[in-house]
Amino acid sequence: MAYWLMKSEPTAFSIDDLERLTVSGWDGVRNYQARNMLRDQMQVGDLAFFYHSNSKPAGIVGVMRVVKAGYPDDTALDASNPHYDPSSTPDNPRWYQVDVAFVQKFPRLLSLAMLKQHVLLQEMQVLRKGNRLSITPVAADEWLFIQELVKTEVF
DNA sequence: GCCAACGTTGGC
DNA sequence: GCCAACGTTGGC
């Protein structure tokens, strides 16, 4: 089982939206590195932090679980969808998605600035300068450390 | 709103 | 295959 961090702009899709829906497709990803993780690596049972990007402040807001492994993202085939990509076809889908289920919303957001203060999280991909990847792997020790932070509520 | 960082496109 | 130009992301 693996751990991930997945970004979404809360104005587009937030942790509250996921809580309300219980389960949702994680579609609209249009980056090849992220696509490869969706298609090849993410498995049912994997856990992921839900990260609110482009928000004030940006940070981790909860946890979700992968409930369906990678399959073609049909929003790429829909000309009326903002994520439409004419170069993707049913026979040769270019983009992939997974389905995720709501697990937990944290009592408070763990801000990017707060996370950066912890030595143990220095190597986290999402904290690196210039990082733009919307899906990144999270190491087991990073995952556990952040879960402890949530429990202590000293953030 | 600014802009640094990064990914993609396309001419050559 | 190179790389300049362009578009997007996302923190601040």
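Chain A is the first sequence line, chain B the second, and so forth, proteins listed ahead of strands; every chain is numbered from 1.
In this structure the side chain of W143(A) reaches within 4.5 angstrom of the side chain of F49(A), judged on heavy atoms. Contact annotation: the side chain of I60(A) approaches that of Y51(A) to within less than 4.5 Å [non-hydrogen atoms, C-beta and beyond].
With rounding to whole Å, H52(A) atom NE2 is found 17 Å from dT9(C) atom P. The interatomic distance linking L127(A) (CG) with dT9(C) (P) rounds to 20 Å, in whole Å. In this structure, D85(A) atom CG and dT9(B) atom C1' are separated by 13 Å, rounded to whole Å. What separates CZ of R128(A) from C1' of dG11(C) is a distance of 17 Å, to the nearest Å. One can place NE2 of H83(A) at 13 Å from C1' of dT8(C), the figure rounded to the nearest angstrom. Straight-line distance from the CD atom of Q33(A) to the C1' atom of dT8(C): 15 Å, rounded to whole Å. Spacing between atom CD1 of I135(A) and atom C1' of dT9(C) amounts to 15 Å, rounded to whole angstrom units. Nucleotide dT8(C) holds its P atom 17 Å from the NZ atom of K7(A), rounded to whole Å.
E9(A) is linked by a side chain to side chain donor-acceptor pair (under 3.5 Å) to N54(A), counting only residues two or more places apart in sequence or in another chain. The side chain to side chain donor-acceptor pair (under 3.5 Å) search around D85(A) returns S87(A), W95(A), not counting sequence neighbours. Residues passing the salt bridge (Lys or Arg N to Asp or Glu O under 4.0 Å) test with R30(A) are D73(A), sequence neighbours excluded.
Distances shown here put every side-chain N or O of Y32(A) at or beyond 4.0 Å from the OP1 or OP2 atom of dT9(B). For K56(A), no side-chain nitrogen or oxygen approaches OP1 or OP2 of dG1(B) to under 4.0 Å.
Where R30(A) and K129(A) each meet DNA chain B at their nearest nucleotide, the meeting point lying more 5' is that of K129(A).
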Between the protein and nucleotides 3-5 of chain C, list the N/O to N/O atom pairs that are separated by less than 3.5 angstrom.
none

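Among the heavy atoms of the strands, none lies under 4.0 Å from E9(A).
For residues 54-66 of chain A, no residue pair satisfies the salt bridge (charged side-chain N to carboxylate O under 4.0 Å, His left out) rule, not counting sequence neighbours. Residue pairs meeting the salt bridge (charged side-chain N to carboxylate O under 4.0 Å, His left out) criterion with at least one partner in residues 33-42 of chain A, sequence neighbours excluded, are absent.
When distances are taken from the side chain of N54(A) to each of dG10(C), dT8(B), dG7(B), the shortest belongs to dG10(C).
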